[in-house]
Amino acid sequence: MTGGVPRQNRGRGMGRGVAVLADRLVLAVLALAALVLGMPVLKPLFAALYPALDRPLYEGDSFLALTAGHLALVGLSGLTAAIVGVAAGIAVTRPAGAEFRGLIEAVVTAGQTFPPVAVLAVAVPVMGFGPEPALIALTLYALLPIVENTIAGLEGVPDAVLESARGLGMRPAEVLVRVELPLAAPVIIAGIRTAVVINVGTAAIASTVGAKTLGLPIIVGLNGANPAYVVQGAVVVAALAVVLDAGFDRLASRLSRWRRA
Amino acid sequence: MIAFERVTKRFGPWTAVNDVSFTVGEGEFCVLIGPSGSGKSTLLKMVNRLVAQDAGAIRVAGEDIAGVAPEELRRRMGYVIQSVGLFPHWTVERNIATVPVLLGWPKGRVRDRVAELMDLLKLDPGRFRDAFPHQLSGGQQQRVGVARALAGDPPILLMDEPFSALDPITRDTLQGELANIHRQTRKTIVFVTHDMDEALRLADRIAVLEHGRLVQCATPRDILTRPARDIVRDLVGREEWGLKRLAVETVGDRARPADGTSAPPPGEPLPSAAPLRRALSEMVARGTDRLPVVDEHGRPAGVLHLADLVRP
Amino acid sequence: MIRNRVLFVLAAAAVAAAAALPFLSFAPNRLLSGRGVPLSAALDLPWGLALLPGGVLLAAPFLRPSRGVLAAGAAAAILFAAGLLWLAGHHAAHLGASASAAARASFGSGFWVMEAAALLAALDGVRRLGLAPAPRVAVGMGAALLMAAPLAAGHLDQLSILKEYASRRDVFADAVVRHGVIVAAALVPTLLVGVPLGVLAQRRRAVGRLVFPVLNVVQTIPSIALFGLLLAPLSALAGALPWLGISGVGLAPAVIALTLYSLLPIVRNTAAGLDGVPEPVRQAAHGMGMTPAQVFLRVDVPLALPVFLSGLRITLVQAVGLAAVAALIGAGGLGAIMFQGLFANALDLVLLGAVPVILLAVAVDASLRLVTAMIGAAVGAFRGRHPA
C-alpha cells in the first residue's frame, strides 16, 4: 500500500490541493500535529467525557515536549542502529567478513524472539535508570531487523548484475555504492521501518525506566486511575507510530520507483 | 593481441584449464568452443581477471595482465554475459553509459556515444532511452548489453555465451548484427559458445577445448576439412557435415562471373555474402540449378551453378 | 596464525571481561550498590577447575578448524558456560557465608560477557559442524540441561535473583501460570477468527484487500497505546453489562488486544500457506473424486501447515512479550513482577520478571520450530507418496 493518489488523478490547482490532502501520509501528519499542538483545546471534551475526574487533561508536561522526547529517543536509536546495522550487514557480506556471517545471522534471528519490553527492563539492572539505558536497549533491539534486512537485501542482488558490474571495471566500493546498496535499499528501509515502529512502542514503555516520552501520561494515568490521561497519551503515540510507518512506506516507494515503470 | 601462455587453473582437485597456449590476433574474431566443463568460460574470465590463473601468463597487447590493476584492465575490455546483467535500477541510457561515466567522460560526449550505440544496435532511442531493463524483451536487453560493452570503445570484446538464452530468431538476427559490427569496427572479439553453428558462422578462428585442454585452434574451414580429434567432429555433428561446410562458404566464393552473353537466370538474386547453404536451399525451393548473384550494392555479380556447390 | 577469527574475537572478549569487568557484584544490603568482585577472587582451587574447559577455548582459535576441533571447541564452550554459572553460585555462597542475611550477590557485567561469549562460541561451533536438525536439537537440550543443573541443585541459591525468587515462590508460580493463561486465552479467539479469515482472504482477493490494511494499521499501533485505548470502551461495556464479568483493566483488554495483534500473522500466514498449495495438486484431488471438504482437509491443510505454523510461532512469541506489557493494565503475569521491580527500584525483582519472559519466548520459539520441522518432514513424506 503506497498511500498515494494515482498519478492520473493528480489534477492541477484546486484538484491538486485536494489530491495532496487525500494522501495518507499528509493526513496522518496533520492529525498528529493537531493532537500534539491542540491537546489543550480538547480539555472541555475530556471534561465532558470524564466528569468524575478533576484533572481531565494531562498537564505534567506539554505534549509537544513529550513528543519531542519520544522522537529523540526513537530517532537517535534508529539512526545509530541504522548506521551500525547497515555497516555490519555490509561487512559480513564482503569476502573478508564472511566468516562472521553465520553467527551474526543466528544471533540476529534469536535476538528477535526476545520481547522488546524485557530487553528494556534488563537494561536497568545493568545500566541503571534514565534515558541512556533506554537508548542503548532500543538501539540494540533496532539493530536486529536492520542487520537481518541489510544482509537479505544485499543477498538479493542478482549474481548477473554483480558479475556485469565487476566485469565492466567497477571497483568493489563502486559496486557497493552504485549497484548493491541502491538495489538493496527497499529491503533495508523495510528493516529500519520495522525497527522504528517497534521502538515507538518500546519508547512509550521506557517511561517506566525514567525516560520522558509519550508513555508518561499513559503510565501516570494507569497508576492514578485517570483514564483521560491514558487516552490522551495513547492517541498521540498511536498517531506518531502511524506517521512514521507511513513515512517509511513512502520512502521505500520512492526508492523502488523504477520497478513500477 | 591476446596471448595465452601455458595458462592453468585449478579449483581444488579439479583442473579447469590445463596448460593452454594460443594467441588471438588483433581484430580477430576468436570463438572458444567446447562441451560443458571444458574450461572455455573460465579461460575467458581469466582475460579480464575475474578469475586468477594458477600458472602461466596472459598478455594483452604484449603486456602481462597480472601487472595491471584489474579494474583498469576491465575498463579497456567490453564484457557481455549470457544472463545480460543489466542494472535494473538504471535506464537503458544510463546502463549503456556505465563505462564512459566510470572513465569520467564529459556529459555531452557520453550522450552522443549512447545515441551512436543505440543506433548501432538498432534500438529506437525514442522508445528505449528512458526505459528500464524489466520493460525490455530478452533480445532487446542483450542488445543493450552489447551496447554497454562497446560504450567505452574498448579494443577487446569478451562475450560469454551472449545469445544462448535467446530464441532462435533473435539469436540469428543478433549473430548477423554482431558479424556486421565486427566488420565495421575491427575489434578483437573473444566469444564463448557451445554451439558449433554459431562458431562456424561468426569466427575467424575457432579454439576447441576439452577437459581444459586446447584440442585445435583453426579457421572454420580447417575445422571442417581437417578436424584434429573426435571431439571436434562431435561438436560439428557428424550428420549434416556437408551442409555445415556449405554454411561456411559464401555464394561469392563460388559464383561464376557474368559472361555478358547469356541473360541471368530468372528469380530473385542472392547476395554474394549469403552462405552457400542458403543457395542450396533456394535451388531446391525454386526447383532450379542456377541462381543469379548480386554484390552488396545490388549490381549483378554472376551466376551460381549447383555443380559448383559440390566441387571439392 | 589465527585460524578461526570468530572464536578468536569471542575468546578475546571473554579474557578482557575476565580481567577488566566484575564477575559478581556484592552489596551488604539491598539499598547500597554492590562492589565488583573480579573473577580472580573466585578462582581458588579446587573450585576454579570448573573453568578448565576454558583452556580449550583459548587454544582453539589457533588450530585448524577440523570437525574434531570444532566439536571439542563447542563442547568446551558449553562446559565452560556451565562451569562459570556453577562457580558464580559457589562464590556467591562463599561471600554470603561471612556476611549478614541481607547481603546481595548478583551477576556482574563480566559474568554476562563471558557467559555470552561462551554460548556464542558454542553456537558458532555447532553451526560450523553443519549438524542435521535432530543432533542439533539434542545438543541444544543437552546444553540447556547442563546450564539448568546448578539451578536445580540449589547451587545458585545465594545469588540475589534467587533469593528474591525464594521469598516470592508462590507469587512467581502464579505469575507464570497467569502469563500462560493470557497467551492461551488470546489464542482461542485468534484461531477461531483468524484461520477462517485467512482461508477467505486467500480465496477472495477482495477480502484480503479489505482486511490486511486494517490489520496492518493495528499492528503499527504501540501495544501500550492499544491497551490504553481499550480501557474506555471496555469500562463503559463493563458498566453497562456487569454480568459479563469484565472490566476495563485486567484480563479482558489484555486478551482482546493480544487477539487483535495476533490476527495479522495468523491471517497472513494462513492465506500464504494456502496460496502455496500447487493448483495441480488440488485439481488432481478433485479429479480423484474428493469433495471440496476432503480436498481442503487432505490436500490444503497438510501442505499449508508449515507456513501456518511459522505464523503461529511468530504469534505466540509476540504474545509472550505483549502479555508482559499487559501487566501495566493489571493483567498480571511475569510482567507484573518486572514492573513492580522497576517502580520500586528493586533491580533483582526486575530480572526475576524479565529473564523468565525472555526464556519463555525463546522456549516457545524453539519448540514451535521443532514442531514445524517435524511436520515439515512428515509433509515432505506425504508429498513423496502423493506426487502432483
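The shown structure was predicted, so the numbers you read here are calculated from the model rather than taken from an experiment. Order of the sequence lines fixes the chain letters, A, B, ..., with proteins taken first and strands second; residue numbering starts at 1 for each chain.
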Applying side chain to side chain donor-acceptor pair (under 3.5 Å), run through B:Asp160 and B:Ser41 and close with a yes or a no.
CA-CA 7 Å; B:Asp160 195 347; B:Ser41 278; 2.9 Å; yes
Which one, A:Val179, A:Leu162, A:Asp159, leads in non-hydrogen pairs under 4.5 Å with chain B?
A:Val179
Using a strict 4.0 Å threshold on nitrogen-to-oxygen distance, state whether B:Arg186 and B:Glu26 make a salt bridge.
no
Please test B:Glu28 against B:Thr188 for side chain to side chain donor-acceptor pair (under 3.5 Å), starting from the C-alpha separation and ending with a verdict.
CA-CA 5 Å; B:Glu28 184 179 300; B:Thr188 309; over 6 Å; no
Which region of B:Val84, side chain (C-beta onward) or backbone (N, CA, C, O), has a non-hydrogen atom less than 4.5 Å from a non-hydrogen atom of chain A, or is it both or neither?
backbone
Chain B shares the most heavy-atom pairs under 4.5 Å, among A:Leu255, A:Leu168, A:Val157, A:Val161, with A:Leu168
With a 4.5 angstrom heavy-atom cut-off, which part of A:Arg178 approaches chain B: side chain, backbone, both or neither?
both
Students often mix this up, so state it plainly: with edges at 30° and 60°, are the rings of A:Trp258 and B:His134 parallel, tilted or perpendicular?
tilted
Under 4.5 Å from a heavy atom of chain A, the part of B:Val47 involved:
neither
Is B:Arg143 close enough and on-axis enough to B:Phe128, meaning under 6.0 Å and within 45°, for cation-pi?
no
When the 4.5 angstrom heavy-atom criterion is applied to B:Leu103 and chain A, the contacting part is neither
Looking at B:Val114, B:Leu121, B:Leu120, which hits side-chain contact (heavy atoms from CB on, under 4.5 Å) with B:Met118?
B:Val114
Using non-hydrogen atoms only, which part of B:Leu50 is less than 4.5 Å away from chain A: side chain, backbone, both, or neither?
both
Most heavy-atom pairs under 4.5 angstrom with chain A, which of B:Arg49, B:Arg76, B:Lys45, B:Glu71?
B:Glu71
Between B:Ser83 and chain A, with a heavy-atom cut-off of 4.5 Å, which part of the residue counts as in contact: side chain, backbone, both or neither?
both
With a 4.0 Å cut-off, would you call B:Asp153 and B:Lys187 a salt bridge?
yes
